[in-house]
Number of protein chains: 2
Amino acid sequence: MSGSVRQRLSDCLANASKADKAVASFMLAQLNSIPFETAASLASKVEVSEPTVGRFCRSIGYKSFKNLKNHLKQDIGDRPWLISDRLRDLQRRTQAGEDQLSRGLELEIGGLVAVYELAQTPEWKRVVKRLAETPAVFVTGFQTERGMAQIFVNQLQYLRDRVHLVDLAGGNFAELLTSGSNQSCLVIFEARRYSRMARLLAQDARKAGIPTTLVTDPFCDWGRDLVDEVFVVPTEFNLFWESTAQMASLANLLVNGVFIELGHTVEERMDYISRLYSRFTGYVGDSSGPSVGHQT
Amino acid sequence: MSGSVRQRLSDCLANASKADKAVASFMLAQLNSIPFETAASLASKVEVSEPTVGRFCRSIGYKSFKNLKNHLKQDIGDRPWLISDRLRDLQRRTQAGEDQLSRGLELEIGGLVAVYELAQTPEWKRVVKRLAETPAVFVTGFQTERGMAQIFVNQLQYLRDRVHLVDLAGGNFAELLTSGSNQSCLVIFEARRYSRMARLLAQDARKAGIPTTLVTDPFCDWGRDLVDEVFVVPTEFNLFWESTAQMASLANLLVNGVFIELGHTVEERMDYISRLYSRFTGYVGDSSGPSVGHQT
DNA sequence: GAAAATATGTTATATTTCTTTCAAACTGTC
DNA sequence: GACAGTTTGAAAGAAATATAACATATTTTC
């Protein structure tokens, strides 16, 4: 027995006992509100006894009703329209006992979806517009998010000038804060071990009237009142470590948005930057920018 | 006090105590998975005590945490929380507009799956083992992959010492190449605008007998004969830009693998590094490393 | 139609989850 | 720096939720 919760429920409908069938079909029908149910509440709704619910869950391979709910949480459901074959295959192999990689994968996919959902919010559009139009953009990230900020800066630099990585060392800290309030904007990447620096910077930026966007994880509790937009990115998958990948996706989507916003006016610049890079690192090849033309 | 759960949470953010604010913002960020949480689980994630959660819920007008969840049910009861539903929803909404967000998402997910597949190959296991056991690890990435390399180094440093970011400027270029052949190993992150540097480095490393792993995109054509393992990561989704997210996932998975390989012998080190980071950046909190304990 | 097998419910117990109480820690004020 | 007020967490108790054991009902098999 394997697969998603939905899968298992459907499977067992065929040859289950009366009560089990009742429970299964109720669950399928009300999948969305299952997490709110308790074994008892569900039992009374289906008009079976409490133990029946527990037993049923065990019969389809979960430890308990609670355990089933947990799986639901991580379940990405069946998506026959997606790359499901490979995914399912991976799941199967994993369930056979290799390890719990695929669970992590499911969670990562969930995170990715969340990021794409963010990209549809009004805040998102506002930030994209700002990143395209504000004369100077400053980006920062401390500790482990330092690299993230760097990536974002590198990419954005292809599209526009005056994109700076704010550094403790460099004097651009001051440069940011002394620029006029509608001359600059700030993007802060943060995660987990929130550094005091990020917070201080956000405070100062607010004082200086500089619009600030915070990209962080769900554990961040400061910020909501200090910055203009907070983008919360899931970072916990059940790897030992937190993942920065979703944040990278977010950064990519932002850059993508800016590109669309700026339109084709940037192509010239991109060629130029490409050539610059080439000169300094010696790559010789087509000079049409990283992936221009992939837009479909 | 009235309105939806989300409303109330937002409202209280303004003038709540520190712990309350933390709880509220976490809830807001994770609204979709709140139904799966229990007061205790939430408490531990936000790093407050259990009673605080209960009290908080009461302070914003619910009888208990459970009561809040029930209200949530009414608020978002028929809102999709299952990833599959959310995907569908996203698809529906984006199909209306002309931007092909959801298509890009699908591709990204496919890329993620590919990365997880890589993590099951023998090469992968070999690299993980090497990263765990070789006395010194060198990592490099040029241009846009510079940040990627940085992230990888930062994370790996939590687990072991002698992890170095190879830089054009720093003398560690030489340090790498003069170390004995089984004293060091090298990881190169590359993508698209393959720099001559990466290639030269790979050549020299080979001459010096240093095992080298190349992480790159499908367009890379050198390398197969110059390095010991090539991990090819999809980077093209139909965003204007290439995505580094999948590569970030790969880096994460590698670090995760190394952690598993090293076992719990590294916890001590991790505490130490954590404290170091804290001292220099001023974060004050638990000193148990970024996400220790999330392993299930 | 009776015996065996299976399925279900009742009651009692164990476990989890939540709340209360109270003391310690923190905050701001004089 | 001491005081009052607030916030927070630890421990213990109360409520809920889930499991186990056993008894009853139902179905299956012969």
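Naming: A, B, ... by sequence-line order, numbering from 1 per chain.
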Would you kindly give the CG-to-P distance between L42(A) and dT17(D), to the nearest whole Å?
-> 13 Å
Could you state the atom-to-atom distance from CD of E47(A) to C1' of dT8(C) in whole Å?
-> 14 Å
Kindly assign one of parallel, tilted or perpendicular to the pair W124(A) and F231(A), based on the angle between their ring planes and the thresholds 30° and 60°.
-> tilted
Does the side chain of E47(B) come within less than 4.5 Å of S44(B)'s, by heavy atoms?
-> no
With a non-hydrogen cut-off below 4.0 angstrom, is V48(B) in contact with a base, only sugar-phosphate, or nothing?
-> sugar-phosphate
Under-4.0 Å side-chain N/O to phosphate OP1/OP2 contact, T52(A) with dA7(C) = no
Would you say dT8(D) has OP1 or OP2 under 4.0 Å from some side-chain N or O of S17(B)?
-> yes
Whether D217(A) side chain and T235(A) backbone form a donor-acceptor pair below 3.5 Å = no
Choosing from dT19(C), dA18(D), dC18(C), which nucleotide comes nearest the side chain of K66(B)?
-> dC18(C)
Within this structure, what is the CZ-to-P distance between R58(A) and dT17(D), rounded to whole angstrom?
-> 18 Å
To the nearest Å, give me how far apart OH (Y62(B)) and P (dC18(C)) are.
-> 16 Å
Ranking dC18(C), dA20(D), dA18(D) by distance to the side chain of A39(B), first place goes to dC18(C)
In whole angstroms, how far is the P atom of dT16(C) from the CD atom of E37(B)?
-> 17 Å
Want to settle it: does A40(A) or D20(B) sit nearer the 5' end of DNA chain D, counting the closest nucleotide to each?
-> D20(B)
Under 4.0 Å between a Lys/Arg side-chain N and an Asp/Glu carboxylate O for R55(A) and E50(A)?
-> no
Which whole-number value in Å describes the distance from N67(B) CG to dT17(C) P?
-> 18 Å
K45(A)/E37(A) ion pair, N-O < 4.0 Å = yes
Select one nucleotide: of dT20(C), dA18(D), dC18(C), the one nearest the side-chain heavy atoms of E50(B).
-> dC18(C)
Does a side-chain N or O from T38(A) land closer than 4.0 Å to OP1 or OP2 of dA18(D), or not?
-> yes
Against the side chain of S49(A), the closest entry in dT10(C), dC18(C), dA11(D) is dT10(C)
Give the rounded distance in Å between these two atoms: CZ of F65(A) and P of dA16(D).
-> 18 Å
What's the CG-P distance between L68(B) and dT19(C), to the nearest Å?
-> 11 Å
Taking only N and O in the side chain of R55(A), is any of them less than 4.0 Å away from OP1 or OP2 of dT6(C)?
-> no
Between K18(B) and K63(B), whichever has its closest DNA chain C nucleotide further toward 5' is K63(B)
